[in-house]
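Here is the structure we will look at.
Reckoned from all heavy atoms, side chains included, excluding hydrogens, waters and symmetry mates. Positions are given from 1, in the same order as the sequence printed here.
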Amino acid sequence: MGIRGLMSFVEDHSNEFFTDLKLRDTKIVIDGYALFHRLCFSSNLDLRYGGDYDSFADVVQKFFESLFACNICPYVVLDGGCDISDKKLTTLKDRAREKIQMAHSLSVGGSGYVCPLLIREVFIQVLIKLRVCFVQCFSEADRDIMTLANHWNCPVLSSDSDFCIFDLKTGFCPLNSFQWRNMNTIKGTQNYIPAKCFSLDAFCHHFSNMNKALLPLFAVLCGNDHVNLPIMETFLSKARLPLGATSSKGRRHHRILGLLNWLSHFANPTEALDNVLKYLPKKDRENVKELLCCSMEEYQQSQVKLQDFFQCGTYVCPDALNLGLPEWVLVALAKGQLSPFISDALVLRRTILPTQVENMQQPNAHRISQPIRQIIYGLLLNASPHLDKTSWNALPPQPLAFSEVERINKNIRTSIIDAVELAKDHSDLSRLTELSLRRRQMLLLETLKVKQTILEPIPTSLKLPIAVSCYWLQHTETKAKLHHLQSLLLTMLVGPLIAIINSPGKEELQEDGAKMLYAEFQRVKAQTRLGTRLDLDTAHIFCQWQSCLQMGMYLNQLLSTPLPEPDLTRPSAFNTLNEDIWTHTKYGGTLHVSRLYSGSLVHGLCQQLLASTSVESLLSICPEAKQLYEHLFNATRSYAPAEIFLPKGRSNSKKKRQKKQNTSCSKNRGRTTAHTKCWYEGNNRFGLLMVENLEEHSEASNIE
């Protein structure tokens, strides 16, 4: 993010460029992207198992509780989709490659920093629960953050070095020196958070009182996310800047120091830019000048007035308005009700599929959710006639085509995916919200290939995760086994367990059973984190499930949530089941965590179920959890391939029989087709009979 090497450079001169703050009684504008990455990577969370979202949600909650205790009023500003010009595409592809290498390192027991797939969704849900004000910008948020902070005369909290370039009235507080875990007290009554604030005045004073207006030129010459011209090496070499050093950090710091000293000799950007161009070939000067001037504008004040959104709920972005997008889409994007993924698909017809810690030798886990994305793309096809003019550089020539940047082995490639052409009333994005709930729900469930009747006994908050799980099980790429399904469903019980424990009026025996089961889950989770080796095939299977859940959520959001959004951050109110076991529950001020998906727990349960533990014995201490599990299992079982219910060892022998009989059939060429068809039909009947037989004897065999 920002200018590589600049953050570490200014931190190396901390005593000169920073002042100490005792932060309290103030507004603060927070770079949301920087914050959730910082909290994810600096809180000792396990990144191998696909996301301990419960632990992350706890950290986010504690962070904001620290702010509230110091009377600090946070306003979180999140990045939206990519810029309409798509000028950061090269940078984004480079980062995608870096993340793939880090994900591979994590998958084989090394180190790395890769955010779990649903971390942004969890972060937003926590903000909503805590009633923290936030906005999602239409594209990159930096300029909007700077403009809002200057309007309110308050500091910015981020880790992006671009904020060392912006002229901020009250300064910029880096996240790595923001000591929110170490609150202090003045005179025993007033809490404050120790922090450091970057002083642009001190920075410029250090370099011969250089003009602040020169800093945007410094940023683009040094190379930022928007511009990295190879021809600038010609200028840097001819200007004889001090570049020599042994380490990469040293080389970058010498370049930064040299550029700043060189620029400090000029009175203004125009004079400095003219001197830069003198070092370049005449044929390149005009194009380079235009690009540098355009890039320098990224550090000027934004036209977007975020204060209007926070005070009146009005978000007006000229770039977005010029595209002629439906009003409801713009509002939903600003409120974070639609993902930047939707914005990229809508504006650029190009998406970048996020990296996960998966098996790099297999096709990327997002392949399984491609049919869901094709429906999403179909809904976005005819959003606005203006889009054809603005995104021509990113738009493939085919009318239905969207491009996806995806992992292939340990690299990336761009694939062309055709959108699904939908019925006329579904293809007008501006009128999509006018469709009845029934029709929107029907489109969602048809995409997931799930019948509505299957979901009737399922608690409201789990309908979408269960529908997604049914979709996941139907795909041959999944290769899920029974213990994978069981572990996933068991993990979904954690939120309901907390609901039982916290519900008033529950009998002591019921509460004790829930507490014991919850404690067992916590023990399994803790044990998994103690250096357990990652099972790559299991990790890949659950990465596929998370991809299905994410895309299922995005489609559900685009259809204005015909199914309730799954709550990733706390136990939800459950619909009453047939025997009136689950009741609607209200919660107090404490934020409870649902653990709809906890990576460490689901992997740990997989290991236990493979070893010796049965689901029946695990749930025997809590009849309520057992009944809910049976509802979840029965719903998903009808969509699972029959083979996963065979006792251990039977599945492999069955495959061998299939192979043997196929070989036998193929020997007689005259009867191959008829014989093979007859055998497959018979084999399918056997599979269904086997499942029915298992249902009758599930208690005895401990399959469920």
Side-chain angles (χ1 to χ4, degrees), residues 47-51 92-110 112 114-118 341 344-345 349-377 396 400-420 447-449 468-481 483-485 487-488 534-555 597 599 602-603 606 639-641 643-644 651 655:
L47 302 175
R48 295 175 299 160
Y49 297 110
L92 292 171
K93 285 184 173 181
D94 288 342
R95 286 183 186 159
R97 293 186 185 95
E98 290 172 5
K99 286 178 183 175
I100 289 169
Q101 296 306 316
M102 286 193 283
H104 173 66
S105 174
L106 284 166
S107 72
V108 296
V114 178
C115 274
L117 189 64
L118 301 173
F341 174 90
D344 285 346
R349 284 212 185 179
R350 193 261 302 131
T351 57
I352 299 177
L353 304 180
T355 301
Q356 298 187 79
V357 180
E358 56 187 293
N359 190 336
M360 299 293 168
Q361 295 179 347
Q362 291 190 32
N364 83 76
H366 293 293
R367 289 284 183 88
I368 192 173
S369 59
Q370 182 179 303
I372 306 176
R373 293 196 298 279
Q374 288 177 287
I375 296 295
I376 292 173
Y377 300 153
L400 299 177
F402 285 71
S403 60
E404 294 183 341
V405 179
E406 61 174 348
R407 178 187 67 79
I408 175 77
N409 298 321
K410 285 187 276 187
N411 208 332
I412 61 170
R413 75 172 179 191
T414 301
S415 302
I416 303 301
I417 307 297
D418 280 343
V420 171
T447 303
L448 299 177
K449 302 175 184 177
V468 162
S469 300
C470 294
Y471 171 91
W472 168 71
L473 286 167
Q474 292 176 72
H475 284 260
T476 54
E477 304 101 300
T478 303
K479 298 178 182 176
K481 302 291 189 294
H483 63 281
H484 296 127
L485 174 60
S487 302
L488 194 58
L534 181 67
D535 183 322
L536 276 181
D537 289 336
T538 293
H540 200 84
I541 287 166
F542 289 128
C543 283
Q544 291 174 320
W545 181 83
Q546 283 208 72
S547 178
C548 294
L549 180 63
Q550 185 184 56
M551 291 304 155
M553 288 175 66
Y554 289 171
L555 177 57
Y597 181 88
V602 80
H603 278 258
C606 270
Y639 289 93
E643 298 84 57
I644 79 168
S651 181
K655 288 177 183 176

So, taking the atom named [atom1] in [X] and the one named [atom2] in [Y], what distance separates them when rounded to the nearest 0.5 Å?
| X | Y | atom1 | atom2 | value |
| --- | --- | --- | --- | --- |
| L555 | M553 | CG | CE | 12.0 Å |
| Q362 | N364 | CD | CG | 10.5 Å |
| E358 | L534 | CD | CG | 11.5 Å |
| T355 | R97 | OG1 | CZ | 11.0 Å |
| Y597 | L549 | OH | CG | 10.5 Å |
| I368 | M551 | CD1 | CE | 12.5 Å |

Q.
For a quick check under 3.5 Å, do S369 and S547 share a side-chain donor-acceptor pair by atom type?
A. yes
With a 4.5 Å limit on heavy-atom distance, are the side chains of [X] and [Y] in contact?
| X | Y | result |
| --- | --- | --- |
| I372 | Y554 | no |
| C548 | H475 | no |
| D537 | D535 | yes |
| L488 | W545 | yes |
| Q356 | V114 | no |
| F542 | Y49 | no |
| S107 | L536 | yes |
| R407 | L353 | no |

Would you say [X]'s side chain and [Y]'s backbone share a donor-acceptor pair under 3.5 angstrom?
| X | Y | result |
| --- | --- | --- |
| S105 | Q101 | no |
| N359 | Q361 | yes |
| Q370 | H366 | no |

Which heavy atom of [X] sits nearest a heavy atom of [Y], and at what distance?
| X | Y | answer |
| --- | --- | --- |
| M360 | A103 | CE-CB, 3.6 Å |
| L473 | A480 | CD2-CB, 4.4 Å |
| A401 | I416 | CB-CG2, 3.6 Å |
| T538 | C606 | CG2-SG, 4.1 Å |

Q | Residues that D344 engages under side chain to side chain donor-acceptor pair (under 3.5 Å), provided they are two or more places apart | A | none
Q.
So if I apply the side chain to side chain contact (heavy atoms under 4.5 Å, CB included) rule between H484 and each of T478, V602, I541, which one comes out positive?
A. I541
Q: Using side chain to side chain contact (heavy atoms under 4.5 Å, CB included) as the criterion, point out the one residue from I100, L106, V108 that pairs with H104.
A: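 Only one of I100, L106, V108 forms a side chain to side chain contact (heavy atoms under 4.5 Å, CB included) with H104, namely V108.
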Q | Pair T414-K93, side-chain contact (heavy atoms from CB on, under 4.5 Å): steps then yes or no | A | CA-CA 10 Å; T414 301; K93 285 184 173 181; 3.8 Å; yes
Q: Not counting sequence neighbours, list each pair that qualifies as a salt bridge (Lys or Arg N to Asp or Glu O under 4.0 Å) and has a residue in residues 367-376.
A: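 As it turns out, the salt bridge (Lys or Arg N to Asp or Glu O under 4.0 Å) pairs with a partner in residues 367-376, which skip direct neighbours, are R367-E406, R373-E404.
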